Amino acid sequence: MKDFLKMSDLSKNDIIELLDIADKLKYERKHGIEHHILKGQSLGMIFQKSSTRTRVSFETGIYQLGGQPLFLSPRDLQIGRGEPLEDTARVLSRYLDGIMIRTFAQKEVEDLAEYCSCPVINGLTDYCHPCQVMADLMTIREIKGGFDGLKMCYIGDGNNMANSLIVGGLTVGMKVSIACPNAYQPDPQVLEFTKAYGDKYHMTENILEAAADADVLFTDVWASMGQEEEAAERRKVFTGYQINDEVLSVAAKNAMVQHCLPAHRGEEITAKVFEEHADEIFEEAENRLHAQKAIMVKLMAKA
Ligand code: CP
Ligand code: NVA
């Protein structure tokens with residue numbers, strides 16, 4: 001594995017191996033065991049969109065592994081003035097040991113990986129959010145003890161989170177059920193991917209049908225970064241696509257609730273459900289750190 005670009009690049013074994021490394025790193029951090037696995041290495045981080053969790057967890061993560069982060073704002077890089085991506089990639093590869101990028105088009109990330117000789121990690125695109133879903137799977141395994149026989153339900157926009165959750169959930173062996181408006185379905189490539197999983201994948205416009213007996217409930221914002229101008233229209237379309245007490249009442253007993261954050265209380269999730277499941281949601285946020293450290297170790301550690 002040279003890069004970490006999207007969930008469909010990973011086999012079940014790849015995911016389990018990364019989760020095992022992440023669990024070990026989490027245990028060791030809790031027990032004060034320090035690491036120098038990436039001593040002397042530098043991770044460049046390019047952000048074309050805002051971030052709290054991704055930026056801070058990657059910055060602290062590389063530092064905890066003995067390396068250093070470099071925050072690279074496109075406003076300051078020559079890329080912002082038109083330097084071609086292929087030149088930027090070939091230059092940065094000669095200084096850095098890894099690059100994390102958050103941007104709009106998945107193609108930009110795939111192109112960067114092609115031109116970079118160092119590993120490239122996808123920190124979110126319009127298409128997917130694989131680092132988040134590694135943390136989500138880590139949290140599910142931690143709380144539920146495994147994936148076998150579990151049903152994941154996602155309610156809301158068929159966006160980057162939906163795309164990665166569907167692929168990640170099916171790959172590790174969960175059933176996946178999606179409730180979204182017809183005009184806001186997941187990406188066609190993802191729908192194609194689900195065909196190999198038969199009735200383990202289900203999509204509907206009915207949130208209670210999707211949530212029935214679900215062990216893990218996910219949702220995400222109605223308007224993602226870059227869709228600010230559509231926000232008013234989306235608020236109308238997505239009204240009702242919410243995790244609330246009624247949804248919890250049809251889900252499995254002890255169903256988990258997960259949210260990648262930031263959350264909009266009163267829109268995709270009620271304040272009551274959010275607070276009742278805050279421990280699980282903030283564990284999920286913490287697990288970004290451990291899961292991404294595992295990804296960096298796997299891609300960047302010298303044998
Ligand atoms: N969940 C997530 O990626 O958060 P940030 O946008 O704050 O990085
Ligand atoms: N779907 C959201 C996820 C944020 C972490 C977005 O792309 O803005």
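Both ligands and their constituent atoms are indexed starting at 1 by order of listing. Positions are given from 1 along the sequence. Quantities reported herein were computed from a predicted structural model and do not represent experimental measurements.
With atom 3 (O) of ligand 1 as the reference point, the heavy atom nearest to it among Glu284, Arg53, His129, Lys49 is part of His129. When Ser224, Ser50, Ser51, Gly156 are ranked by how near their heavy atoms come to atom 2 (C) of ligand 2, first place goes to Ser224.
Contacts with ligand 2 closer than 4.0 Å are made by backbone heavy atoms (N, CA, C, O) of Leu261 only, the side chain lying farther away. The proximity of Asp157 to ligand 2, defined as any non-hydrogen pair under 4.0 Å, does not occur for either the backbone or the side chain.
Here the side chains of His129 and Asp220 are not in contact, with every heavy-atom distance at 4.5 Å or above.
For the residue pair Thr139 / Asp136, no side-chain donor-acceptor distance below 3.5 Å is found, with atom types taken as modelled. Between the side chains of Lys293 and Gln64, at least one donor N or O lies within less than 3.5 Å of an accepting N or O. Side-chain contact, Thr125 with Gln106: a donor N or O sits under 3.5 Å from an acceptor N or O.
Near Leu261, with a cut-off below 4.0 Å to any heavy atom, the atoms of ligand 1 are 1 (N), 2 (C), 4 (O). Near Asn159, meaning under 4.0 Å from any of its heavy atoms, are these atoms of ligand 2: 1 (N).
Counting only heavy atoms of the protein, atom 2 (C) of ligand 1 lies nearest to Arg288 NH1, 3.3 Å. In terms of protein heavy atoms, atom 7 (O) of ligand 2 is closest to Asn160 ND2, 2.8 Å. With respect to atom 8 (O) of ligand 2, the closest heavy atom belonging to the protein is Met225 N, 2.8 Å. Protein heavy atom at the shortest distance from atom 4 (C) of ligand 2 is Leu124 CD1, 3.9 Å. For atom 7 (O) of ligand 1, the closest non-hydrogen atom of the protein is Thr52 N, 2.6 Å. In this structure, the protein non-hydrogen atom closest to atom 6 (O) of ligand 1 is Arg102 NH1, 2.8 Å. If you check which protein heavy atom lies closest to atom 3 (C) of ligand 2, you get Asp220 OD2, 3.6 Å.
The shortest non-hydrogen separation linking Leu25 to His35 is CD2-NE2, 3.7 Å. Minimum heavy-atom separation, Ser164 to Cys128: OG-CB, 3.1 Å.
Arg55 does not count as a contact of ligand 1, since none of its heavy atoms falls under 4.0 Å from the ligand. Within the 4.0 Å heavy-atom shell around ligand 1 one does not find Leu124.
A salt bridge links Arg141 to Asp20: at least one charged side-chain nitrogen sits closer than 4.0 Å to a carboxylate oxygen. A salt bridge between Lys6 and Asp9 is present, with a side-chain N of the basic residue lying under 4.0 Å from a carboxylate O of the acidic one. Salt bridge present: Glu192 and Lys195 bring a charged side-chain N and a carboxylate O closer than 4.0 Å.
Here the two rings, on Tyr184 and Phe238, have centers that are under 6.0 Å apart.
Residue-to-ligand polar distances keep Pro262 apart from ligand 1: every N/O pair is separated by 3.5 Å or more.
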